[in-house]
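The structure appears below as structure tokens.
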Protein chains: 2
Amino acid sequence: MDLQRIKYFLALAEQLHYWKTAEKVNITQSALTRQIQSLENELGLQLFERNKRNVKLTPAGKFLKEKWEVELSELEYIHQFAKQIHLGERGTITIAHPDSISASIMPDILAKITQAFPQLQIKLVQVLYENQLDFLKNYKIDLAITRDITSEQGIKSKKIYSDHLALVVPLAHSFKRFEDLSTESLKAQKFILPTKDEGSSYSEIIQALFKSYDFVPDVFLHSEFGSTIIALVRKGLGIAILPDSYMHHQSPDLRFIPLPFKTDILINWRADDHNPVLANILKLVFGD
Amino acid sequence: MDLQRIKYFLALAEQLHYWKTAEKVNITQSALTRQIQSLENELGLQLFERNKRNVKLTPAGKFLKEKWEVELSELEYIHQFAKQIHLGERGTITIAHPDSISASIMPDILAKITQAFPQLQIKLVQVLYENQLDFLKNYKIDLAITRDITSEQGIKSKKIYSDHLALVVPLAHSFKRFEDLSTESLKAQKFILPTKDEGSSYSEIIQALFKSYDFVPDVFLHSEFGSTIIALVRKGLGIAILPDSYMHHQSPDLRFIPLPFKTDILINWRADDHNPVLANILKLVFGD
DNA sequence: ATTTATTAATGCGTATTTTGCATTAATGGA
DNA sequence: TCCATTAATGCAAAATACGCATTAATAAAT
């Protein structure tokens, strides 16, 4: 059954006149007659009660007019919706990102996305560092924003930002500026650091930092969660090293002392992911 | 857009394999390929992500699979429903009938209808005698059961039943049997009779009855409603003449004395009414 | 009663679309 | 590197849809 036929039927059901209807839908009266006839045959019922003079809907025709009108407009809506999905204007994308950037570049990225594609549904999730790539490969997330470089097969990555590491100390602490730091003064500190992850490029940078001062830090606590670390530093339990993105989190009683070490933020996605939503987002993020 | 195409799409979306699907839906792989292609063109989007080796739904395709499945089954249901309307198995019919038969032949008729066509919706209405034909012609009712013969243009009628008139008296009344009646004894009675309607064949029969006894009755009250008349007789306010169908109404303290006058019950409908529901009901009522 | 105007159905030739067959081209696995 | 698999495509045949002209039925006008 052709939907076009149903449209012809609806037009005729409105006009109840073959000639006028045929003209309106841009076919000849003969074609219209046959379209209606074949529609009737296909359904095995009569749609119109007609003689050579008058056209009138049968009860079944009246019923179908009402139902088909609804059904067709539903279909039209569905097709529009599908088109939007095709164009990547509609759909869902799940993004994992580290806590550190949730107050710095994430708001910018999200603002850009929602402005360009207001119909998009974005799910933000927190994923442990070690799970990020697994989740990406297993379609649990579509986009992973990380500080780690990966050379995994089938995953594409691109740097979108880089920030400096910073030493985080309470306001009252004796460290005020970078120049206050020395191997001696650092050795005396208790450190709160991120979980040391084998092969994580982020923890390698931190290790490189300590190596530049040529000592092994006294780490009394590891945590994967920046906000936990910040809370502990604020309580005076130690000092930390964090990306200076955390400065954007409101922490009035802390001091961030920038260090000459940079940490990159990368965006990772499946190379074979053809979801148009992803393509749009990547275009948006790299576009300018 | 042909619904058949959508069915092909759904089959392929299930199998994700052109050859197997083509075999299943009884066309060649080449035809299926082209059907999907033209569907994609028509919608302006891609349904499958495919190379020479694998077939996979795109996000839009996945969305449409779900939606179309629902929509198609809805359409199928609608078409079945319409078919039932066409066959007169489904729909609404409005019937007017006199109060007198609501406990005699109406239950039989209604039982027959609901048994044969359980999906039918029947509306019963009470209409004043004088309005019956008007309502019928103006599509306010579809079937009028009356005691009056009509020769109205465009209305068809057929007798379905006839019952006797009966004299209705309180049990204590001196009239016990038909033989008790005489012109003299009748003259002494007070009568409660139906509204005298010009040209109504029913009131003509009652007039004929009195003429056979050769007197003019003392009518102290007219009412169109049989149940009102019965209530008045029970209170001892007079005696009445009613169709003996009223015997089926529970009236323990009344006596019905059958009279040798018959009154017909007719069923009336519009001659140009092609509603299949009507045809079915007429067939049922006259069928046996 | 007869004529006229209107209008849905239909016969027929043409144009368009769809189909099947055979072949091609791409791809994953041995 | 070769082979098996499988979606796409060229082409001719079949099916379908279309428009034109005509027909048949009917309501309105005379």
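Residue numbers start from 1 in every chain, and the chains themselves are labelled A, B, ... in the order their sequence lines are given, proteins ahead of strands. Remember, it's a predicted structure, so these values are computed and weren't measured experimentally.
- One atom, CG of A/L57, and another, P of C/dA8, lie 14 Å apart when rounded to the nearest Å.
- Interatomic distance, B/L143 CG to B/T146 OG1, rounded to the nearest 0.5 Å: 10.0 Å.
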Sequence-aligned protein contact record of nucleotides 17-26 of chain D, with B where the base is within under 4.0 Å of a protein heavy atom and S where only the sugar-phosphate is: SSBB---BBB
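- Taking 4.0 Å as the cut-off between side-chain N and carboxylate O, A/K65 and A/E69 count as a salt-bridged pair.
- More than 12 heavy atoms of other residues, nucleotides or ligands lie within 6.0 Å of CD in B/Q126, so this atom counts as buried by the packing criterion.
- If you take OH of B/Y18 and P of D/dT9, they are 11 Å apart, rounded to a whole angstrom.
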Could you list the donor-acceptor pairs under 3.5 angstrom formed by side chains in residues 35-47 of chain A, with sequence neighbours left out?
{"unit_1": "A/Q35", "atom_1": "OE1", "unit_2": "A/R5", "atom_2": "NE", "d": "2.9"}
{"unit_1": "A/S38", "atom_1": "OG", "unit_2": "A/R5", "atom_2": "NE", "d": "3.4"}
{"unit_1": "A/S38", "atom_1": "OG", "unit_2": "A/R5", "atom_2": "NH2", "d": "3.4"}
{"unit_1": "A/S38", "atom_1": "OG", "unit_2": "A/R34", "atom_2": "O", "d": "3.0"}
{"unit_1": "A/S38", "atom_1": "OG", "unit_2": "A/Q35", "atom_2": "O", "d": "3.1"}
{"unit_1": "A/E40", "atom_1": "OE1", "unit_2": "A/R50", "atom_2": "NH2", "d": "3.0"}
{"unit_1": "A/E40", "atom_1": "OE2", "unit_2": "A/L47", "atom_2": "N", "d": "2.8"}
{"unit_1": "A/E40", "atom_1": "OE2", "unit_2": "A/F48", "atom_2": "N", "d": "3.3"}
{"unit_1": "A/E40", "atom_1": "OE2", "unit_2": "A/R50", "atom_2": "NH1", "d": "3.0"}
{"unit_1": "A/E42", "atom_1": "OE1", "unit_2": "A/R5", "atom_2": "NH1", "d": "3.0"}
{"unit_1": "A/E42", "atom_1": "OE2", "unit_2": "A/M1", "atom_2": "N", "d": "2.9"}
{"unit_1": "A/Q46", "atom_1": "NE2", "unit_2": "A/F48", "atom_2": "O", "d": "2.9"}

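- The CZ atom of B/R50 sits 13 Å away from the C1' atom of D/dT9 (whole-angstrom rounding).
- For the pair A/Q37 and C/dT10, the criterion of a side-chain N or O lying under 4.0 Å from OP1 or OP2 is met.
- Distance, B/W19 CH2 to D/dA4 P: 14 Å, rounded to whole Å.
- Each of A/V125, A/L136, A/V127 was scored for a side-chain contact (heavy atoms from CB on, under 4.5 Å) with A/T94, with one residue passing: A/V125.
- Rounded to an integer number of Å, the gap from A/N54 CG to C/dA9 C1' is 15 Å.
- To the nearest 0.5 Å, atoms CD (B/E23) and CG (B/L32) are separated by 12.0 Å.
- Remark: P of C/dT19 and CD1 of B/I36 are 11 Å apart, rounded to the nearest angstrom.
- Separating the CD atom of A/E40 from the C1' atom of C/dA8 is a distance of 12 Å, rounded to the nearest angstrom.
- Rounded to whole Å, atom C1' of C/dA8 lies 12 Å from atom CZ of A/F48.
- The phosphate of C/dA8 (OP1 or OP2) has no side-chain N or O of A/T33 nearer than 4.0 angstrom.
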